[in-house]
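The block underneath contains the structure these notes are about, expressed in structure tokens.
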Amino acid sequence: MPVPWFLLSLALGRSPVVFSLERLVEPQDTAYCSPGLSCHLWDGDTLCLPGSIVPVPGPVLVPTHLQTELVLRCHQETDCGICVRVAVHLAVHGHWEEPEDEETLGGAADQELEEPRNASLQAQVVLSFQAYPTTRCVLLEVQVPAALVQPGQSVGSVVFDCFEAALGGEMRIWSYTQPRYQKELNLTQQLPDCRGLEVRNSIQSCWALPWLDVSTYGDDVRLVLNVSEEQRFGLSLYWNQVQGSPKPWWNRNLTGPQTITLNHTDLVPCLCIQVWPLEPDSVRTDICPFKEDPRAHRNLWHAARLRLLSPRSWRLEAPCSLHAEAGLCWQALGGGPCQPLVPLLPWENVTVNVSSWEKLQLQECFWADSLGPLKDDVLLVETRRPHDSRSLCALEPSGCTSLPSRASTRAAHLGEQLLLDLQSGQCLQLWDDDLGALWACPMDKYIHKRWALVWLACLLFTAVLFLLLLLKKDHVKATTRGRATLLLYSADDAGFERLVGVLASALCQLPLRVAVDLWSRRELSAQGPLAWFHAQRLQTLQEGGMVVLLFSPGAVALCSEWLQDPAPAPGAHGPHDAFAASLSCVLPDFLQGRAPGRYVGACFDRLLHPDAVPALFRTVPVFSLPSQLPDFLGALQGPCARRPRRLGETVEQVSRALQQALDSCFQTPRAPGPGRTMGPEAGDQT
């Protein structure tokens, strides 16, 4: 990602944000103070001896705050140096002591008490300055008038001009009084180099300084040194350390100008760059541009290595100093993150993680080779309590299972055996201290013993599965052949029978297993209509099929007749009229509420309106064909049946066939069947 480096280039480019400094032309050190105070700078430096803290005898002046400012001390227009101006803020500390017995002393005590309270306060303030290669201490004498002496109140400040320092170094300042009444104040600051100040033309040591730019080039970083041709300079890349000396990484003596490319994987937060001209006593410029870069912090953790020296010691190797915490953890068999021990043992250095930039972890398992493969071991946690009591639990993905336990985990089932293995010395101790211990116990012998049970369970499972397959055999066959469908109709005339035949043939293409008396004349004659229908109905319903009642004007008349007189005269209908014979079995299903889900009704467009069907039979869906053909086919197939891929084409083909058969019925003179009354008035016999 080039964006972070683009922002970095803006911050450290050839024209950084700079600010100008005040110029001092006085070569001597001076001191001045706030209005109302008087101060004096002692000649020469003094010894830097803070001494011990002494009790406060009464109100005294003490330093409370240090403030610094950079200025230029110039001997000539182009011969200047950096100088540090220091302001010390002062306050009154302590109180006047009250006399022990005011009544005894009387007026004399009052007079003696008023004299010091009306006097001014004086203090000797020491400023100690340290910046390589300079160490100085100066003494400032300050006097505060009595009118400003208020215990606990600030009285003003005294300013010292100034401590000369070198560019790019670190300075430390201390302040205290003589004698010392409190801990000394201290201040540490980093002095800027030639890049951060508008001093290039005023300080001669900055004239020949190489100017360094950091920019991006794709995923890499470019260091561009903008120096004149043939100028020789030194360049050093090093890892800055919080403790100890810097670790050098790369050093070169080069001739300008130069462009050096760094791979983005080499960047770490502590990577710093130092550049200087190859001249005696030259000023060196240091920048550390990657301190806040997220990718540099990721690279640092990728480069870090955790080394286990023994079960109780470790070493973390990384280019930069790291602030991290470590603790014992454990990992489940399937991998995943390392989980803390439950119950917790004292923190030790096994797992290292950091939360400052992103939560990353380094982990190392010191028991991996103790007892062979990790998958054959179980980790036991021993917790020790006062009075020589202890408890044991086994680490599992669900938590730490107490031993012994009645839980349904593997460790709970083998709890007694694991405790015996621990007592007999078969477990290896991995950790031990005053609060607890860790033990690794092998599990391979228990795994081998359980193979027989596993085989027995497999055989039992196979037998049960085979039995289930046998029980489901008939159902699977039925599902493969399609759902059973029984068509019942009244043979009004030859044209209506042809219409029923067209519908039955079309339903067989879905596929459905269709039973209709048109195709079973021989069985119908041999068994009789009532026996044949009873057998077909029983088989269809047992297989989860559907009985279809095809209503016509003749069927409606028969239903009305049965509803009015449930015992018609024998022989009133034809010998092959299964519909008339079936009403004795169909009516009880409707009257007792068993019909929904087992029966559907249907009629043909223009031949009979669904409202003409008797109300008793409209307790199940009644479809008009072919206008409601898709819903009719869906009801026959059922909600769980697999629909044909080309159901739309099938519906269209069946609809065309039924429509042609209907047209033929209305074009051909219809001869009434035996026992039927045909004509317009037939539809009104409901």
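Predicted model only: the values in this text are computed from it and were never measured.
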Practice problem: State which residues pass side chain to side chain donor-acceptor pair (under 3.5 Å) with N263; sequence neighbours excluded, sorted by chain then number. | Solution: T265
Quiz item: Which residues pass the side-chain contact (heavy atoms from CB on, under 4.5 Å) test with L419, sequence neighbours left out?
Solution: L392, L403, P404
Practice problem: Output all residues satisfying disulfide (SG to SG under 2.5 Å) with C320, sequence neighbours left out; order by chain, then residue number. | Solution: C270
Self-check item: Contacts of type side-chain contact (heavy atoms from CB on, under 4.5 Å), residue A91, not counting sequence neighbours
Solution: T64
Quiz prompt | Counterpart residues, ring-ring contact (aromatic ring centres under 6.0 Å, His included), relative to F163 (two or more places apart) | solution = F129, F160
Quiz prompt | Partners meeting side-chain contact (heavy atoms from CB on, under 4.5 Å) with C33 (sequence neighbours left out) | solution = L37, C39, V158
Please report, to 0.1 Å, the donor-acceptor pairs under 3.5 Å made by any side chain of residues 164-179, with sequence neighbours excluded.
| from | atom 1 | to | atom 2 | distance (Å) |
| --- | --- | --- | --- | --- |
| T177 | OG1 | P179 | O | 2.8 |

Exercise. Any pair with a residue in residues 80-91 that passes salt bridge (Lys or Arg N to Asp or Glu O under 4.0 Å), sequence neighbours left out, goes on the list, sorted by first then second residue, please.
Key: E22-R85, E69-R85, R85-D161
Quiz prompt | Residues forming a side chain to side chain donor-acceptor pair (under 3.5 Å) with D45, sequence neighbours excluded | solution = R136
Practice problem: Output all residues satisfying side chain to side chain donor-acceptor pair (under 3.5 Å) with S391, sequence neighbours left out; order by chain, then residue number. | Solution: R385
Quiz item: Among all residues two or more places apart in sequence or in another chain, which pass the side chain to side chain donor-acceptor pair (under 3.5 Å) test with H93?
Solution: none
Quiz item: Of all residues at least two apart in sequence or in a different chain, which pass the side-chain contact (heavy atoms from CB on, under 4.5 Å) check with E317?
Solution: R305, R307, R315
